[in-house]
Every structure is written in C-alpha cells, then in structure tokens.
A.B. asks: 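I have a structure I would like to understand better, so I am pasting it below and will then ask my questions one at a time.
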Amino acid sequence: MVDHYIGLMSGTSLDGVDAVLVGFYPPGQPLKVVGHVHQPFTPTLRQEMLALNRAGANELHRSSLAANALSRAYAEAVSVLLRQCALRPEQVRALGAHGQTVRHRPGEFDGTGYTIQLLNAALLSELTGIDVVYDFRARDVAAGGQGAPLVPGFHAAAFHQPGIDQAVLNLGGIANISLLSADGRVMGFDCGPGNVLMDLWCERHLGTAYDDQGHWAQGGSVQRELLANMVTEPFIQRRPPKSTGRDLFHAEWLDQKVAGVPFNNSLAPRDVQATLAEFTCLAAQQALQGALPTARRLLVCGGGALNTHLMQRLADLLPSVQVATSDTAGLPALQVEATAFAWLAKSCLDHQPGNCPSVTGAKGHRVLGSLHIAG
Ligand SMILES: Nc1ncnc2c1ncn2[C@@H]1O[C@H](COP(=O)(O)OP(=O)(O)O)[C@@H](O)[C@H]1O
Ligand SMILES: [Mg+2]
C-alpha cells in the first residue's frame with residue numbers, strides 16, 4: 001500500500017513554488033519522491049509578494065488577492081505534476097501547502113506574536129479537488145514556539161543515521177540548520193541568511209535573479225570590515241530557539257552594513273557579493289560548531305546547494321566535516337523542503353506531531369496544520 005501526498009513549498013527567495021509528489025509506504029520503508037515540478041512566479045506576483053513583506057497601503061485587500069494568485073500558481077503546479085506522474089486528484093490523499101511567508105514575528109509584541117503565510121487554501125482545494133493541509137506554523141507559535149524551522153523533524157526522519165552526528169543545512173532565502181545527533185536527539189534553528197541578500201545584490205548590480213553557481217562572488221574578494229559588521233548582527237550571536245525572515249534580512253539591512261564601512265564608496269559590487277557569500281557560510285559554520293561540534297557530515301539542500309562557490313567555501317571552513325549535497329543521501333537538494341511539507345501534511349492527518357519543541361521552543365509537541373476537505 002502506498003499513500004500519495006503532494007508537498008508545496010515557496011520560500012523566502014520568492015523564486016516560485018516547488019511541488020513534489022511523495023509516496024509513503026508502511027512503517028520502516030523509506031518514502032519515495034515520484035515527481036517534482038518547479039513553477040516560477042510571474043514577475044507581477046513576485047513583486048507583490050515582496051512588497052507585502054513591508055507595511056504598505058490597503059494590505060488586507062492586496063494580501064487577499066495575492067493569496068488567490070498564489071493559490072492559482074500552486075494549483076497549476078499540482079496539475080502539471082499530476083500529469084507528469086499520470087495520477088488523478090483522487091489518488092492523492094492531501095496537499096501540504098506552505099503558503100508565502102510575508103511576516104514572521106513569533107513571540108513579539110504581545111508575547112504571542114504572529115507568523116503569516118499567505119494562501120487561499122479553500123481556493124486551492126476547489127481548483128485541485130484535493131484535501132489541503134495548510135497554516136502549519138500557527139499552532140507552534142500559539143504554543144509559545146517560533147513556528148520555525150519546521151523541517152528538522154523531517155530531516156531526522158529522512159537522514160538520521162544511528163552512530164553518526166550530522167547536520168542538514170537548508171540554503172533557501174534564509175538558512176536553517178538541523179542537528180541530528182547519533183543518539184537521535186534533534187536540534188535546529190535559522191542560522192542566518194541563505195541566498196536572500198546575495199539575490200537582491202545580484203538583481204541590483206547584474207539585473208539577474210541570482211548568482212549562477214556563485215561565479216560572480218567567486219571572482220570577488222571578501223572585505224573583512226564589511227564581513228565583521230555582518231557577523232556582529234545580534235541575530236547571528238543569539239542563542240536558539242531562533243528564526244527569522246525578510247523582516248530582518250532586507251535591502252536596508254545590507255545598505256546599513258555597507259554604509260558602516262569607512263570609504264564604502266570604493267567598495268566594488270563584486271567584492272560585496274563575495275562578502276555576502278562568505279557571511280552565509282560563516283554563519284552556518286558558527287552554527288554547526290556551536291551546536292554540534294562533533295558533526296562529521298553536513299548535508300546541504302535548497303537552491304544554495306547549486307551554488308558551487310558556497311559549497312566550496314563551506315568545505316574550506318569545515319575541514320573535518322564531509323560537506324555534500326542532500327542528493328548524496330538520496331534526496332535531491334531542490335526537493336527536500338517540499339517533501340517535508342508532504343510529510344507534515346501526512347503527520348497532520350495521522351494526528352502525529354510535526355514540530356520539535358527542542359527546535360522551536362514550543363511548550364510541547366503539537367499536531368500542525370489546518371484542513372480543507374475537498375468534498
Ligand atoms: N544554479 C544556481 N546557482 C546559484 N544559486 C542558485 C542556483 N539555483 C538556485 N539558486 C539559489 O537558490 C534560491 C532558491 O532556493 P530555494 O531553496 O527555492 O529557496 P526558498 O525556499 O527560499 O524559495 C534562488 O533564489 C538562488 O539564490
Ligand atoms: Mg524556492
């Protein structure tokens with residue numbers, strides 16, 4: 001017997017949505033990714049989602065329409081994926097849909113705070129004819145947690161190997177690390193920016209969405225004063241549990257760090273890019289060495305795993321650790337996070353907890369997600 005679920009993930013990079021069809025087998029057997037589709041966002045949707053990350057006019061109206069547009073993009077990805085896998089909607093138990101984070105302020109303001117993932121899950125269920133599990137983060141935040149990262153539980157289920165201390169680093173827009181101890185203990189937290197700052201610097205100076213394979217950064221030289229300004233960011237130094245987003249790592253943050261360097265007018269854009277790449281790697285290295293110094297292996301996933309410069313610098317900074325993409329452990333780098341949301345959807349329908357309180361700081365284990373029944 002196999003249960004099919006679809007995971008739908010669109011992260012802070014705002015590059016589009018990844019949809020994976022996952023087959024879950026009886027306990028003890030590994031899950032299998034049957035198909036994967038990446039559907040890029042239209043420039044209009046991307047721009048609006050980006051704008052909604054900051055306070056602006058008429059946000060309720062605009063975010064409702066953006067949620068509708070996002071749900072149509074998700075539904076299109078599901079339709080392409082089902083065609084590719086030759087499956088009908090009724091053969092899929094549920095969709096696990098993350099939605100688009102536009103604010104992430106857990107524990108702030110009134111002590112509870114909030115995290116907002118835009119999605120019209122009712123519309124997604126209407127368009128696909130499939131049950132939808134969504135709003136995964138809210139329950140953990142209600143239980144006093146960060147609501148993030150939610151993937152360590154899945155990373156442990158997919159990658160844990162008895163007898164070896166290892167970590168999984170997801171380099172999405174933001175970077176998060178999962179620490180998987182040999183004895184089965186799981187820790188994790190957001191450790192800094194992944195690609196978000198590099199992407200915006202590329203867009204500004206090259207007009208490209210990202211630095212393909214990190215070639216541009218690789219040819220620049222790291223500016224030590226600028227790097228020191230970045231590393232002293234309080235979020236990097238703060239102890240876990242912790243999570244972040246574009247709320248912190250945005251264009252003004254970067255401009256402020258650059259402005260803090262004497263003679264910054266003479267900083268070459270390429271050198272800033274090299275410094276940003278180094279910052280991403282250094283934050284990950286600090287996180288790993290601080291939280292699980294005995295780790296022997298680091299599996300890298302997310303789009304940043306395709307950045308060969310980042311992969312090389314991580315390997316250089318962690319000489320005693322085997323640094324490799326998650327592909328080497330059986331799950332392609334671009335499929336890991338979406339597969340996690342298929343797993344979280346299954347956990348919800350199985351009434352199993354999806355969060356790790358040791359990661360998020362929540363008061364306890366909680367079943368995550370809300371549900372729309374397709375009918
Ligand atoms: N070939 C590549 N070279 C360098 N970076 C890449 C490449 N492909 C993707 N990326 C980076 O990965 C990002 C997307 O990663 P992803 O895991 O989807 O993040 P998110 O979960 O935030 O959407 C892109 O914005 C880009 O920065
Ligand atoms: Mg993405």
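Note that the structure is a prediction, hence the values are computed from the model and not measured. One-based numbering, in listed order, for ligands and for the atoms of each.
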A.B. asks: Test of understanding: with side-chain hydrogen bond (donor to acceptor under 3.5 Å, both in side chains), list the residues that count as partners of R93, not counting sequence neighbours.
C.D. replies: D131
A.B. asks: Could you tell me whether F263 atom CZ has more than 12 heavy atoms of other residues or ligands within 6.0 Å of it?
C.D. replies: no
A.B. asks: Are F279 and W201 an aromatic pair by the rule of ring centers under 6.0 Å?
C.D. replies: no
A.B. asks: Out of the candidates L276, N195, L50, L254, only one should pair with L200 under the side chain to side chain contact (heavy atoms under 4.5 Å, CB included) rule; please name it.
C.D. replies: L254
A.B. asks: Between Y134 and H372, does the ring centre distance come in under 6.0 Å?
C.D. replies: yes
A.B. asks: Taking 2.8 Å as the upper limit, name the protein N, O or S atoms near the Mg ion (ligand 2).
C.D. replies: D15 OD1
A.B. asks: What are the polar N/O contacts of ligand 1 with the protein below 3.5 Å, with distances?
C.D. replies:
{"unit_1": "ligand 1", "atom_1": "1 (N)", "unit_2": "D212", "atom_2": "OD1", "d": "3.0"}
{"unit_1": "ligand 1", "atom_1": "3 (N)", "unit_2": "Q213", "atom_2": "N", "d": "2.8"}
{"unit_1": "ligand 1", "atom_1": "10 (N)", "unit_2": "G303", "atom_2": "O", "d": "3.4"}
{"unit_1": "ligand 1", "atom_1": "15 (O)", "unit_2": "G303", "atom_2": "N", "d": "3.3"}
{"unit_1": "ligand 1", "atom_1": "17 (O)", "unit_2": "G303", "atom_2": "N", "d": "2.8"}
{"unit_1": "ligand 1", "atom_1": "18 (O)", "unit_2": "D15", "atom_2": "OD2", "d": "3.2"}
{"unit_1": "ligand 1", "atom_1": "19 (O)", "unit_2": "S13", "atom_2": "OG", "d": "3.1"}
{"unit_1": "ligand 1", "atom_1": "22 (O)", "unit_2": "T12", "atom_2": "N", "d": "3.1"}
{"unit_1": "ligand 1", "atom_1": "22 (O)", "unit_2": "S13", "atom_2": "N", "d": "2.8"}
{"unit_1": "ligand 1", "atom_1": "22 (O)", "unit_2": "S13", "atom_2": "OG", "d": "3.0"}
{"unit_1": "ligand 1", "atom_1": "22 (O)", "unit_2": "G173", "atom_2": "N", "d": "2.8"}
{"unit_1": "ligand 1", "atom_1": "23 (O)", "unit_2": "G11", "atom_2": "N", "d": "3.3"}
{"unit_1": "ligand 1", "atom_1": "23 (O)", "unit_2": "D15", "atom_2": "OD1", "d": "3.0"}
{"unit_1": "ligand 1", "atom_1": "25 (O)", "unit_2": "D199", "atom_2": "OD2", "d": "2.6"}
{"unit_1": "ligand 1", "atom_1": "27 (O)", "unit_2": "D199", "atom_2": "OD1", "d": "2.7"}
{"unit_1": "ligand 1", "atom_1": "27 (O)", "unit_2": "D199", "atom_2": "OD2", "d": "3.0"}

A.B. asks: Which salt bridge (charged side-chain N to carboxylate O under 4.0 Å, His left out) pairs, counting each pair once, include a residue from residues 192-209, with sequence neighbours left out?
C.D. replies: R46-E203, R204-D255
A.B. asks: Hey, does the Lys NZ or Arg CZ of K242 hover above the aromatic six-ring of F235, less than 6.0 Å from the centre and inside 45° of the axis?
C.D. replies: yes
A.B. asks: Tell me which one of N229, T275, N264 satisfies side chain to side chain contact (heavy atoms under 4.5 Å, CB included) with K257.
C.D. replies: N229
A.B. asks: Between R54 and E252, does at least one N-O distance fall below 4.0 Å, as a salt bridge requires?
C.D. replies: yes
